[in-house]
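See below for the structure under consideration.
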Number of protein chains: 2
Amino acid sequence: MKKKSIKDIAQDLGVSKTTVSFVLNKKGDEKNISKKTQKMILDYIKKVGYQPNQIAKSLKNGTTNTIGYLVPDISNPFYAKIGRTIEDLLWEKGYHLIIGSTDEKKEKEERLLNMFLNRQVDGLIIASCFIKGEVLKSLSEHNFPMVFFDREDPGCLANYILVENKTPMKEAIQKTIDKGAKKIGLLSITPDVYSLKLRIDGYKQALLDNGLEYDQNLLRIVDHNRIKESAQKELKYLIEAGVEVVVFTNNQITATAIWLMNMLYPEKVKEITFVSFDNLDIFDYSMPKVISIAQPIDSIAKQSVEILAEVIKSKKIKNTRIELKPKLIVR
Amino acid sequence: MKKKSIKDIAQDLGVSKTTVSFVLNKKGDEKNISKKTQKMILDYIKKVGYQPNQIAKSLKNGTTNTIGYLVPDISNPFYAKIGRTIEDLLWEKGYHLIIGSTDEKKEKEERLLNMFLNRQVDGLIIASCFIKGEVLKSLSEHNFPMVFFDREDPGCLANYILVENKTPMKEAIQKTIDKGAKKIGLLSITPDVYSLKLRIDGYKQALLDNGLEYDQNLLRIVDHNRIKESAQKELKYLIEAGVEVVVFTNNQITATAIWLMNMLYPEKVKEITFVSFDNLDIFDYSMPKVISIAQPIDSIAKQSVEILAEVIKSKKIKNTRIELKPKLIVR
DNA sequence: TCGGTTTACTAAATCGGTTTACCAAAAATA
DNA sequence: TATTTTTGGTAAACCGATTTAGTAAACCGA
């Protein structure tokens, strides 16, 4: 039993495709289709359970009601939760989501981006590792509806939904200093992303403000291709250097470090404090104690969707830059 | 600068659409297009950066290379991780993912399902709360490529990728009984899903096998519409009843309970043992100690994709039922 | 009862590809 | 040289919708 098309319906009822299409699109009255015919078509539609082919619609209309969601890893709770919220918000507006995970790889990002474009997405919501890239740049120039979140390239004009980085990081670290911390280390994945750089700046600023020495050796970079091994090595370095506080620039690295601490140094989990940019539910009851900077997931999602919808609708160039305030959670 | 279509390319080069299409699809030799013309077209394609419109392709070919991924909540780590793995596996086969979260609501599930179908997905990977539903049933009857995972309706023939439920649950609980537990409670979300019922059966069986009394009052059901409040109430009941072990039927409820225990009964976290169907990374270092039944995420994803690809390719009816073995993690 | 308007509806073009069927010229064969 | 085959292409139909431009018939006022 093949699916019925408008053509089939028209034939079955002895009317034209045009008439059926008008009725389906609620243009029956406007287009002077008699009530009788309208009813006949609507009844038949219901009876056979006709569903329009969105692909055909998309081809004709030039719009797919599809948004691409491009992030480093959809299984990272931060991106998963934002994705989920965006899914719900977009659904209300009649859009739905295609997803892509880039693994922070430039090549994968460009391939996914091209896939999205070939599939004629109406817009993109992106946490990109490579905003400067050819494809994105050209899209930007041609005014393709896009919203960037989580990451920014200050050299590129675009719509950004961001979260303040430097100051919150500084303030979170200040809390530990207020409690007497003197030796503070930092663990970050490769900071080729501007927002990570800012978080690290916050770290340096906190030290500076308090007259603490900035020791370059205590700023450790983890290779994001082999997080576990690399983090273990760098964490070990910091522990052996005798730090009282370890600062992390995102949730993934904090989670890894918590796990490592419990596996390798269970005796030390009570002496050390973690500071994490990004919050995770588990921080509420894991050790070491974590002071975290919680990004406002709902706001990020809401703003992204709002700006995107606006840009799609207005078809005008827009370069909004929204900086949201994160929430400091001291435990 | 509008995007070029095949028609534009053909006009620019003074050849026909047909010729361009043949060359683009590597049918140049087969269709006797001269090397010279082929090169000319390919060079021009590269120069102007032509990208085919997948929507048009889909309309003509009747296949979209798109798979729908329908789960209760894409931000649940279990579904997020499986989704991520599936994304990667499908990508290799030239497919990509559209996602939908049902929130365990029948109505939402049907709406999303219809959306997927209107968008002409080539197949579906589903953790459904409502397999018996009209839409799914009719799809099944018309032999639409689908794979169900995580959940089963034994009354419906289909492709299932499942994990053993009863025995592993029984064995996990046995570990706690071996260590002397006598009073064992259970917390589950509303078990309107067959696999949850089986997990609960495993719980009952464990008690039975060991001559322990099955006290209906210790089997508490949490309302999945307001998990936190409901779980708090039910957990309180169990704690006050003096249980030594609490069993959970999925990760979400375990995670909530861990959080609640640490918030409300920090003094008891060391005395109580949790048993969780589904594993989470945090169990490695959270309290109370968790004995967990880890579902083989990678295998689930791999099998789902494999079976789906097979069904799509062969266009034959198939009713595979694969039951994977979970891994018991004792901490 | 004639011209204009409204009513009720339809043919055909279009979106951007793929594919079938066909054709002229050149090359190969009889 | 006449005929067949191969080479190198093209026109047009098609996928399933939307939309423009139009057309008969009914109606309506003068």
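In what follows, chains carry the letters A, B, and so on, assigned in the order in which the sequence lines appear, proteins first and then strands, with residues in each chain numbered from 1.
- Remark: C1' of dC15(C) and NZ of Lys7(B) are 10 Å apart, rounded to the nearest angstrom.
- Where Ile6(B) and Lys17(A) each meet DNA chain C at their nearest nucleotide, the meeting point lying more 5' is that of Lys17(A).
- Atom CD1 of Ile33(A) and atom P of dT10(C) are 8 Å apart (whole Å).
- If you measure from atom CG of Asn32(A) to atom C1' of dT5(C), you get 12 Å, rounded to the nearest angstrom.
- Of the side-chain N and O atoms in Tyr50(B), one or more sit less than 4.0 angstrom from OP1 or OP2 of dG17(C).
- Note that the CD atom of Glu306(A) and the OG1 atom of Thr320(A) stand 11.5 Å from one another [nearest 0.5 Å].
- We find that NZ of Lys31(A) is positioned 15 Å from P of dT10(C), with the value rounded to whole Å.
- Counting distance only, with no hydrogens placed and no angle test, the side-chain atoms of Ser58(A) and the base atoms of dA17(D) include no donor-acceptor pair under 3.5 Å.
- Atom pair Leu13(A):CG and dA8(C):P shows a separation of 18 Å (rounding to whole Å applied).
- Across all strands shown, Lys27(B) has heavy atoms under 4.0 Å from sugar-phosphate atoms exclusively, and none from any base.
- Residue-level contact check: Ser5(B) touches the backbone only, with heavy atoms under 4.0 Å from sugar-phosphate atoms and none from bases.
- Using a 4.0 Å cut-off between a side-chain N of Lys or Arg and a carboxylate O of Asp or Glu, Asp298(B) and Lys302(B) do not qualify as a salt bridge.
- Across all strands, Ser34(B) comes closer than 4.0 Å only to sugar-phosphate atoms, never to a base (heavy-atom distances).
- At a threshold of 4.0 Å, the pair Asp192(A)-Arg151(A) does not count as salt-bridged, since none of the basic side-chain nitrogens sits closer than that to a carboxylate oxygen.
- Looking only at atom types and distance, the side chain of Tyr79(A) has a donor-acceptor partner in the side chain of Asp150(A) under 3.5 Å away.
- The structure places CG of Leu136(A) at 10.5 Å from CZ of Phe144(A), a figure rounded to the nearest 0.5 Å.
- Between Thr19(A) and the phosphate of dT10(C), there is a side-chain N or O to OP1/OP2 separation shorter than 4.0 Å.
- When the nucleotides dC9(C), dA17(D), dT10(D) are ranked by their closest atom to the side chain of Ala56(A), dA17(D) comes out on top.
- The phosphate of dG17(C) has neither OP1 nor OP2 within less than 4.0 Å of any side-chain N or O from Ser21(B).
- Side chains of Asp122(B) and Tyr95(B): a donor-acceptor N/O pair is absent below 3.5 angstrom, by distance only.
- In this structure, dC28(D) and dG3(C) make a Watson-Crick or G-U wobble pair, each of the two defining distances being under 3.5 angstrom.
- Mapping Leu59(B) and Lys35(B) onto DNA chain D by nearest heavy atom places Lys35(B) at the nucleotide closer to the 5' end.
- The interatomic distance linking Asn53(A) (CG) with dC15(D) (P) rounds to 12 Å, in whole Å.
- Contact annotation for Lys60(B): base contact, defined as any heavy-atom pair under 4.0 Å involving a base atom.
- A straight line from CZ of Phe22(B) to P of dA12(D) spans 16 Å, rounded to a whole angstrom.
- Residue whose closest nucleotide on DNA chain D sits further toward the 5' end, between Thr18(B) and Asn61(B): Thr18(B).
- Remark: P of dG17(C) and CG of Asn118(A) are 10 Å apart, rounded to the nearest angstrom.
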